[in-house]
Enquirer: 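Below you'll find the structure I mean.
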Amino acid sequence: LYSALDRPQEAEKAFRSALRRDPLSLPAMEELFVFLDRSGRLESLIPDLQAALKREDDSLMHHNWLGLAYRREGNLTGAEQELRRAMELGPDQAGIAANLGIVYLQLDRTGEAVEVLERALNRDPTSIEVRTNLLVALGKNANVARAAAVFEEGKKIRPDVPGLYNAMAYAY
C-alpha cells in the first residue's frame, strides 16, 4: 500500500519488517526487489538475498534475484553463478533462462547464450522474453536465417509485441 501511495520510506520499512519476521518470504522479497529496482537501489538488496540463501540454499527465486542484483551491480561472474544455480533448481523456468542468456551475451559468450535460450524456447515457446533474447543472441552469432524463423514463429503467437520487431532488427 505504501508503495502504491508513493510513500517510499514507509514502503521500504514495511518490506524490511516483513523480511525480519521471515527472511525467506517470497512475496516480501519480490515486492522489495521490484521497489528497489525501480528506485535504482537494487544492489542494496544483495546482503539480504545472501542472508536468505544462507538459511535456504535451495531457494530458486532468491538465487535468481541475487543473480539479477549482481548483474545490475556489474558483477557478471556472480550473476552467472547465481543464475546457473537457479537453473539447476528450476530447469524449466524460462524467465531464469532468459536472465542467464542475457548475462552470457554481456560476457560475449553468444554460443552459450543461444544454447540456453534455444532450450528455454523449446520448453516455453510463448515466452516473449526468451524469444527476444534469443533473437539478439542469434544476431550476435550472425545466424540471421534462424533468427528470422524464431521471429516468424513469435509473430504468429504475439504479433503486437514491439520488442520482437526490435530484436529482429538487431539481428539483421
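Here, residue 1 is the first one in the sequence, and each next residue gets the next number.
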Enquirer: Is there a continuous path of hydrophobic side-chain contacts, each under 4.5 Å between heavy atoms, that joins Leu89 to Val103?
Expert: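 Yes, Leu89 connects to Val103 through the hydrophobic network.
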Enquirer: According to a 4.5 Å side-chain heavy-atom criterion applied to Ile, Leu, Val, Met, Phe, Trp and Tyr, with indirect links allowed, do Val161 and Val136 form part of one hydrophobic cluster?
Expert: no
Enquirer: Give a yes or no on whether a salt bridge exists between Glu152 and Lys156, defined as a side-chain N under 4.0 angstrom from a carboxylate O.
Expert: no
Enquirer: How close do Ala86 and Asn64 get, heavy atom to heavy atom, and via which atoms?
Expert: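 Nearest heavy atoms, Ala86 then Asn64: CB-N, 3.9 Å.
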Enquirer: Excluding sequence neighbours, so at least two apart, what forms side-chain hydrogen bond (donor to acceptor under 3.5 Å, both in side chains) with Glu43?
Expert: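 Counting only residues at least two positions away or on another chain, Glu43 forms no side-chain hydrogen bond (donor to acceptor under 3.5 Å, both in side chains).
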Enquirer: Considering only residues two or more places apart or on different chains, which pairs with a residue in residues 11-32 satisfy ring-ring contact (aromatic ring centres under 6.0 Å, His included)?
Expert: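 Every pair satisfying ring-ring contact (aromatic ring centres under 6.0 Å, His included) with a residue in residues 11-32: Phe15-Phe35.
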Enquirer: Side chains of Gln106 and Arg71: any donor to acceptor distance under 3.5 Å?
Expert: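 There is such a pair (donor and acceptor under 3.5 Å, judged by atom type) between the side chains of Arg71 and Gln106.
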Enquirer: Going by salt bridge (Lys or Arg N to Asp or Glu O under 4.0 Å), name the pairs with one or both residues in residues 78-91, residues two or more places apart or in two chains.
Expert: Asp57-Arg85, Asp58-Arg85, Glu80-Arg109, Arg85-Glu88
Enquirer: May I have all residue pairs that pass side-chain hydrogen bond (donor to acceptor under 3.5 Å, both in side chains) and include part of residues 162-172, sequence neighbours excluded?
Expert: none
Enquirer: When hydrophobic residues are tied together by side-chain contacts of less than 4.5 Å, even through go-betweens, does Trp65 share a cluster with Leu19?
Expert: yes
Enquirer: Enumerate the residue pairs fulfilling ring-ring contact (aromatic ring centres under 6.0 Å, His included) with a member in residues 101-139, sequence neighbours excluded, ordered by first and then second residue.
Expert: none
Enquirer: Any donor and acceptor pair, going by atom type alone, linking the side chain of Thr132 with main-chain N or O of Glu129 inside 3.5 Å?
Expert: yes
Enquirer: Examine Leu117 and Leu76 and state if one hydrophobic cluster contains both, with Ile, Leu, Val, Met, Phe, Trp and Tyr joined whenever side-chain heavy atoms are less than 4.5 Å apart.
Expert: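 Hydrophobic grouping puts Leu117 apart from Leu76.
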Enquirer: Sorted by first residue and then second, give each side-chain hydrogen bond (donor to acceptor under 3.5 Å, both in side chains) pair with at least one member in residues 26-37; sequence neighbours left out.
Expert: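 Found Asp37-Arg72.
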Enquirer: With distance as the sole test, does Arg123 use its side chain to make a donor-acceptor pair with the main-chain N or O of Pro91 at under 3.5 Å?
Expert: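 Judged by distance alone, yes, a pair lies under 3.5 Å.
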Enquirer: For Asp22, give me all partners under salt bridge (charged side-chain N to carboxylate O under 4.0 Å, His left out), at least two apart in sequence or on another chain.
Expert: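 Salt bridge (charged side-chain N to carboxylate O under 4.0 Å, His left out) check on Asp22 returns nothing, list empty.
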Enquirer: Apply side chain to side chain contact (heavy atoms under 4.5 Å, CB included) to Glu10 and list each qualifying residue two or more places apart in sequence or on a separate chain.
Expert: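 Only Tyr2, Arg7 meet the side chain to side chain contact (heavy atoms under 4.5 Å, CB included) criterion with Glu10.
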Enquirer: Mind checking what makes side-chain hydrogen bond (donor to acceptor under 3.5 Å, both in side chains) contact with Asn133, not counting sequence neighbours?
Expert: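 Listed in chain order: nothing, the list is empty.
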Enquirer: Taking all non-hydrogen atoms of both residues, which atom of Ala11 and which atom of Ser3 are closest, and how far apart?
Expert: CB-N, 3.6 Å
Enquirer: Just to verify, what does Lys13 make a side chain to side chain contact (heavy atoms under 4.5 Å, CB included) with, not counting sequence neighbours?
Expert: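 With sequence neighbours excluded, Lys13 shows a side chain to side chain contact (heavy atoms under 4.5 Å, CB included) to no residue whatsoever.
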Enquirer: Checking Asp108 now: which residues fulfil salt bridge (charged side-chain N to carboxylate O under 4.0 Å, His left out) with it, not counting sequence neighbours?
Expert: Lys140
Enquirer: Once salt bridge (Lys or Arg N to Asp or Glu O under 4.0 Å) is applied, what residue pairs with a partner in residues 60-69 remain, sequence neighbours excluded?
Expert: none
